[in-house]
Amino acid sequence: MADKISDETMEHVTKAKNKISDETIEYVGILAKLELSETEKQNAKADMEKMLDYIDTLNELDTSRVEPMSHVFPVNNVFREDVVTNENHMEETLANAPLRGGDSFKVPKTIG
Amino acid sequence: MAKQYDTVIGLEVHIELATKTKIFCGCSTEFGGAPNTHTCPVCTGMPGSLPVLNKQVVDYALAIGLATHCHITQVCKFDRKNYFYPDNPQNYQISQLYLPIARDGWVEIETGSGKKKVRIHEMHMEEDAGKLVHDEWDDTSLVDYNRSGVPLVEIVSEPDMRSAEEVIAYLEKLRHIVQYLGASDCKLQEGSMRADVNLSVREVGSDTFGTRTEMKNLNSFKAITHAIEGERKRQIELIEEGKKVVQETRRWDDNKESSHAMRSKEDAKDYRYFPEPDLVPIVIDDEWIARIKNQEPEFRTEKLERYKKEYDISQVDAEILTESKKMAELFEATAALCKKPKKAANWLMVETMRLLKDNAMEPQDLRFSPENLASLIDLADAKTINSSVAKEVFEQIFLHDVDPKAYVKDHGLMTVNDEDALRQTLTEVIAANPQAVADYRGGKEKALGALVGQTMKAMKGKANPGRVNELLREML
Ligand SMILES: [Zn+2]
């Protein structure tokens, strides 16, 4: 993330209808396990406010007679049979590991 | 007078389903494979991979939902539960929040204080996470994704339980139902059944709930009982000291027999659920429900009653025989073949249980056929073999499912009914043991036993001990 407040942010701050509080940015940071600098927080706040404003345009439509959609396609009941089709793909899987320890992914210590 | 408190307990039970493959991919669910050998792009959360639902998972979940008297959600779907933790490679778990497959059920439990219904709030389908092994030396964790994507159901009860005894009875009830359905082996120690305990206390007579805590990491009935007693005590002490119980997740340590609060950051319970866009809705029509209902087995509670009536077996014995579906099936099939239910029950309750224990096996691991046990019972009944030979042959049936008729013949184990041979051996034994003979004649009844033993040994165990006894008395 950029370390200075962008022009877009400066321009946006005055216009946003939705406001994200400092507490909210802090909390979202904790949930996403991100540590943000003060500048990054300001930029992220502006981005989120813009997103919320954009989503607000949907509220301009009358959807009172539209049934809520649970999926994009009018399809249901797509299943697989319970049959093993995958063989041992350990090497392919571990090729994606940023760090490998033996035949496992290696990650910074996490308390379970 | 000291205040009296009630304990209020609700349970979240996770059960691993006995499917051959994972919930959303064709990877094997087999236990104990080398790390990451049962993985693919779907169950390791690689970008662009798409989950496809295993139909057997829905069949099992439906069966459990119906058996626990739940209302089935006929249009149900999956949601994403978002959290960051290395055991979860997608950064979300596919679960069900808004439309879980089953709701509003109950099971009946029985404890020392009688029968009681425990209500089920809801049951949903979801995927299991990977396994983390912490390396103490270099401050890292190793992740194995073999369990990632293994299908689970989570059964959430209402806060209807009031003691550890009721909790154990509830878990046993669920275990019997699910095992009889063949939907899981429900082994607490191996983690195929896991229980989180939500517990609060309140003064007797109060009708509002106290603040509850959630306890995790309980992997035996003993740990559950200790954790419940410990947490009840801890909460009462806080209240008596005028302090507040904090709503938090606590981790039970069975070695220390105490719990500690998990760090609050890990405990941030804001999962930002939203509908899973990669999976289509599941529509369960009446026919599907009827099909699952028709396949329902006779459950343990019903079997218990029937055994007592049909076979004239005691409550305690019927409980042992129905403890696992496998044992109950063996019993019924054997009894039908040999027409001697009491004898079939006896072999299963005594010798089978002993051998299971000696071999560190569980009833569901039994592999012998009812035909061979029935045939052994017939051989023993016809006195073709004596009881100690029968035990020896049974061990072979238990271990290798041998045909007892062939085994007895091949190893020459038939009881020798040849009177001449027996008399010959007895004459020799009497001649060789003058002291025992003198003792018996002098009135020591016990000495006869020693002589019978010597004779059985000389006949390699194949004589009929009753007949040896009779003949000895006659000859002395
Ligand atoms: Zn997979």
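Each chain gets a letter, A, B and so on, in the order the sequences are listed, and its residues count up from 1.
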*Asks:* Select, from A:Asp103, A:Leu99, A:Leu94, the one with the greatest count of heavy-atom pairs under 4.5 Å involving chain B.
*Replies:*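 Looking at each option in turn, the highest pair count goes to A:Asp103.
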*Asks:* Answer with side chain, backbone, both or neither: which region of B:Lys216 has an atom nearer than 4.5 Å to a non-hydrogen atom of chain A?
*Replies:*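 Neither part.
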*Asks:* Verify, without hydrogens or angle tests, whether A:Asp82 (side chain) and B:Lys20 (backbone) share a donor-acceptor contact under 3.5 angstrom.
*Replies:* yes
*Asks:* From the options B:Asp139, B:Thr140, B:Leu132, select the one residue that forms a side-chain contact (heavy atoms from CB on, under 4.5 Å) with A:Lys109.
*Replies:*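 Single side-chain contact (heavy atoms from CB on, under 4.5 Å) partner of A:Lys109 among B:Asp139, B:Thr140, B:Leu132: B:Asp139.
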*Asks:* Between A:Asn96 and B:Met46, is any pair of side-chain heavy atoms under 4.5 Å apart?
*Replies:*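 The answer is yes, as the side chains (C-beta and beyond) meet within the 4.5 Å cut-off.
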*Asks:* Considering only heavy atoms, which portion of A:Glu87 lies under 4.5 Å from any heavy atom of chain B: side chain, backbone, both, or neither?
*Replies:*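 Answer is backbone: N, CA, C or O of A:Glu87 sit under 4.5 Å from chain B.
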*Asks:* Grab the two heavy atoms, one from A:Lys106 and one from B:Leu142, that are nearest each other, plus how far apart they are.
*Replies:*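 For A:Lys106 versus B:Leu142, the nearest heavy atoms are CG-CD2, 4.0 Å.
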*Asks:* Distance from B:Thr37 atom OG1 to A:Asn88 atom CG, nearest 0.5 Å?
*Replies:*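 Output value for this atom pair is 5.0 Å.
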*Asks:* Count the heavy atoms of every other residue, nucleotide or ligand shown that sit under 6.0 Å from NZ of B:Lys55, and state whether that count exceeds 12.
*Replies:* yes
*Asks:* Checking A:Ser104 against B:Asp144: is there a side-chain donor and acceptor pair closer than 3.5 Å?
*Replies:*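 No donor-acceptor contact under 3.5 Å links the two side chains.
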*Asks:* For B:Ser28, which atoms come within 4.5 Å of any heavy atom of chain A: side chain, backbone, both, or neither?
*Replies:*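 Both parts, backbone and side chain.
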*Asks:* Which bit of B:Val58 comes within less than 4.5 Å of chain A, counting heavy atoms only: side chain, backbone, both or neither?
*Replies:* side chain
*Asks:* So which heavy atom on B:Pro281 is nearest to which on A:Asn76, and how close?
*Replies:* O-CB, 3.1 Å
*Asks:* Given that the side chain runs from C-beta out, which part of B:Phe24 has a heavy atom under 4.5 Å from chain A: side chain, backbone, both or neither?
*Replies:*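 Backbone of B:Phe24 only, per the 4.5 Å heavy-atom cut-off to chain A.
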*Asks:* Taking side chain as everything from C-beta outward and backbone as N, CA, C, O, which of these in A:Val83 sits under 4.5 Å from a heavy atom of chain B? Side chain, backbone, both or neither.
*Replies:* backbone
*Asks:* When you look at CD of A:Glu92, are more than 12 heavy atoms from neighbouring residues, nucleotides or ligands closer to it than 6.0 Å?
*Replies:* yes
